[in-house]
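Below, read A as the first sequence line, B as the second, and so on, with proteins coming before strands; counting in each chain starts at 1.
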Amino acid sequence: MAPELPRILLLPTHLQADELRELEARIPTLTHNAHEAKVILGKISRPERALFELRRLKLATEPVALEGAEGDEAIGDKRGRSDAAEVPSKRPRLSGSEALRSRADEGHVATLDLLGGSGDVVLVLKLAWLLDSLEQNVVLPADDYLLYQGRKISSHSAQASNPGTPQPRKEDETTRSASAVNDSPYSKRTTRPGTSSSTASDGRLHSEPPTLHRETTSEHEVPLPPIPDFLHTTYSCQRPSLVSPPNATFIAELKAIRTLRLLRGDQVGVRAYSTSIASLAAYPHLLQRPQEIERLPGCGPKIAQLYQQWTEDGCTDETRKAKTDTELVVLKTFYDIWGVGDTTARQFFKKGWRDLDDIVEYGWDSLSRVQQIGVKYYDEFQLKIPRDETETIASVILAHARRVDPGFQMVIVGSYRRGKPSSGDVDVVLSHPDEAQTLDIIERLVSSLEKSNFITHTLSVWTKNSERGQAPLAWKGEGRRAGSGFDTLDKAMVVWQNPQDKGPHRRVDIIISPWKTAGCAILGWSGETTFQRDLRRYCKVKMGFKFDSSGVRSRADGSWVDLESSERGPAPDMETAERRVFEGLDLEWRPPAERCTG
DNA sequence: GCCA
DNA sequence: CAGTACG
DNA sequence: TGGCCGTTACTG
């Protein structure tokens with residue numbers, strides 16, 4: 001049975017003539033009169049575009065708030081004055097952006113209201129709403145597809161829909177739709193048996209047990225899986241992202257595109273692809289259709305289009321062309337030199353250099369010291385470091401620190417802590433409950449490791465934190481001048497080789513943190529780049545804090561915010577301190593293995 | 001490229 | 001100053 | 001339409 005749809009107007013935008021005809025044929029409630037339509041559908045993804053289309057249809061509206069959970073997250077720029085807003089919230093308000101969109105159940109309310117309620121409200125939805133609804137034989141909640149919601153303010157609306165005179169079939173439609181929703185496969189766990197319990201956080205998604213486990217008629221009508229609640233946020237630090245997500249192969253393709261954008265100097269493209277990659281990395285279901293992607297934060301039509309291309313051809317145009325593009329291949333070679341970024345890689349190419357030998361032959365003296373080291377150990381630095389070797393290196397560092405004082409503690413951070421089987425480099429954070437011990441330790445430690453021939457080269461040593469007396473104090477105000485930097489930990493970036501077995505040279509970062517900010521230190525050094533960026537963005541936007549690995553500060557007055565000490569004093573160990581930082585930031589605890597944002 |  | 005590094 | 005992590009710190 002086909003779902004009972006509201007009156008729908010289909011926008012021709014971005015649709016081929018035959019696509020348009022085919023779609024129109026599938027809409028029993030199609031209308032071409034904008035004043036009559038309750039839902040306007042289009043292959044569009046932005047509210048701005050929705051408004052533009054409304055203007056083109058000469059349909060005047062005023063914005064209406066989203067009904068249900070979030071009255072203050074109105075679509076459009078006016079505060080909503082929604083008639084039907086007296087929908088009681090079924091649970092306490094969610095904190096922060098978890099509540100950005102209303103929940104599925106409240107969404108039903110919005111949808112039912114849409115079907116039977118006052119006729120002067122019009123919704124502009126993504127086309128995917130129709131496709132998904134037809135697919136699932138159910139009128140889906142509009143929430144995840146909503147671009148704009150407005151009330152018609154033309155003279156038509158007054159007469160056309162008097163609330164007192166019910167539309168034909170109204171009550172029927174309402175109740176039937178409601179039961180259709182409840183009986184439909186939509187409310188049932190729909191993931192394949194092997195994947196349903198794949199994420200640690202699944203319990204949080206849809207806790208109500210599946211009712212009415214009705215057999216579906218045919219296998220090909222598998223409905224789209226529901227979007228987990230945590231995928232309604234644009235902050236990757238608010239959701240679990242595991243190492244090997246179901247869609248790893250498609251993600252790999254997006255990463256390839258991201259690298260190409262980087263080499264071309266498209267910084268913003270890099271950020272955009274990183275956002276979509278992080279979103280997909282958190283999606284616990286194997287993708288089935290392109291329209292599934294557009295529902296995810298940070299993923300729009302472009303990513304969906306790439307997915308389609310990738311499923312059809314096995315790769316995207318951009319990566320296929322890049323494979324035979326000499327310039328990009330060479331740029332990648334140069335970019336992989338430690339100390340060479342994308343700008344320098346392009347400079348090298350411009351000079352006519354095409355391989356490492358060219359650099360050595362024609363440009364050696366123009367290289368910086370670290371770039372020379374990067375070229376010298378080019379091949380060795382490409383090698384991955386197995387976990388046991390990381391542990392060996394870390395234990396040597398800790399032993400040397402404990403030779404200074406036995407109270408030192410260490411956490412191996414970076415990709416090792418996220419559980420990766422091998423790493424590109426080794427990162428360790430050292431701290432000591434006695435603050436006097438972490439002051440100026442970095443230089444002593446490095447020289448100790450140099451003397452023992454573990455460190456073969458020192459790339460750079462940061463000592464700013466010690467120089468300011470390890471004070472995590474105001475980064476502004478208090479007479480401190482901006483720009484002089486008061487918020488970085490002491491650290492050393494070195495080249496390491498085991499003097500006994502003379503294995504490959506390794507990149508090692510040693511970070512020193514005062515005990516009172518050690519939680520921030522390991523948090524700041526354990527997440528992947530996107531997790532890290534989003535954490536800082538979250539702290540800024542949602543909390544009014546400035547986060548970095550040397551502590552949390554208030555943006556209002558720049559003062560240090562201690563999230564790591566309790567009434568009973570400082571944290572007993574660094575992991576405990578890290579948990580307290582999550583709490584203080586109003587974030588759910590994420591084990592490091594769930595910070596794999598790609 | 002996507003979002004507020 | 002621009003470029004690069006780190007997660 | 002502007003913003004996208006960091007008024008990063010270090011190097012040359």
**Message:** Base, sugar-phosphate or nothing for A/R258? Non-hydrogen atoms, less than 4.0 Å.
**Reply:** nothing
**Request:** Could you list by number each residue of residues 368-384 of chain A showing a heavy-atom separation from DNA chain D of less than 4.0 Å, or answer none if no residue does?
**Result:** A/S368, A/R369
**Request:** Classify the nucleic acid contact of A/G269 as base, sugar-phosphate or nothing, counting any heavy atom under 4.0 Å across all strands shown.
**Result:** nothing
**Request:** Run the ring-centre check on A/F349 versus A/F334 and record whether the distance is less than 6.0 Å.
**Result:** no
**Check: A/Y416/A/E391 side-chain N/O donor and acceptor closer than 3.5 Å** = yes
**Request:** Would you mind classifying the nucleic acid contact of A/V541 as base, sugar-phosphate or nothing, using non-hydrogen atoms under 4.0 angstrom?
**Result:** nothing
**Request:** Classify the nucleic acid contact of A/I511 as base, sugar-phosphate or nothing, counting any heavy atom under 4.0 Å across all strands shown.
**Result:** nothing
**Message:** Taking C/dG7 as the reference, what is the distance to D/dC4 when you measure between their P atoms (whole Å, please)?
**Reply:** 23 Å
**Request:** Hey, which sits more toward the 5' end of DNA chain D by its nearest nucleotide, A/V461 or A/R271?
**Result:** A/R271
**Pair A/Y283-A/R295, side-chain donor/acceptor within less than 3.5 Å** = yes
**Request:** Measure the distance from CZ on A/R537 to P on D/dT8 and round it to the nearest whole Å.
**Result:** 19 Å
**Request:** Classify the nucleic acid contact of A/R346 as base, sugar-phosphate or nothing, counting any heavy atom under 4.0 Å across all strands shown.
**Result:** nothing
**Asked** Which whole-number value in Å describes the distance from A/Q532 CD to D/dT8 C1'?
**Response** 12 Å
**Request:** Could you check whether A/R417 gets within reach of a base, just the sugar-phosphate, or nothing at all, counting any heavy atom under 4.0 Å?
**Result:** nothing
**Prompt:** Does A/Y335 use its side chain to pair, donor to acceptor, with the backbone of A/V330 at less than 3.5 Å?
**Reply:** no
**Message:** Measuring only the C1' atom in each nucleotide, how far is D/dT8 from B/dG1? A whole number of Å is fine.
**Reply:** 26 Å
**Message:** Just by distance, no angles: are the side chains of A/E443 and A/T463 close enough, under 3.5 Å, to form a donor-acceptor pair?
**Reply:** no
**Request:** Please measure how far the C1' atom in D/dG3 lies from the corresponding atom in C/dC6, and state the result in whole Å.
**Result:** 22 Å
**Message:** Would you compute the distance between atom CG of A/L356 and atom CZ of A/F348 and round it to the nearest 0.5 angstrom?
**Reply:** 10.0 Å
**Message:** Show me the dot-bracket string of DNA chain D, counting Watson-Crick or G-U pairs under 3.5 Å, with | for pairs to another strand and [ ] for crossing ones.
**Reply:** ||||||.|||||
**Asked** How would you label the contact of A/D509 with the nucleic acid (heavy atoms, under 4.0 Å): base, sugar-phosphate, or nothing?
**Response** sugar-phosphate
**Item:** Euclidean distance, A/S513 OG relative to A/Q409 CD, rounded to 0.5 Å
**Value:** 11.5 Å
**Request:** For the pair A/T233 (side chain) and A/F230 (backbone), establish whether a donor and an acceptor sit closer than 3.5 Å, ignoring hydrogens and angles.
**Result:** no
**Request:** Decide whether A/T316 and A/T319 meet the rule of one side-chain donor and one side-chain acceptor closer than 3.5 Å.
**Result:** yes
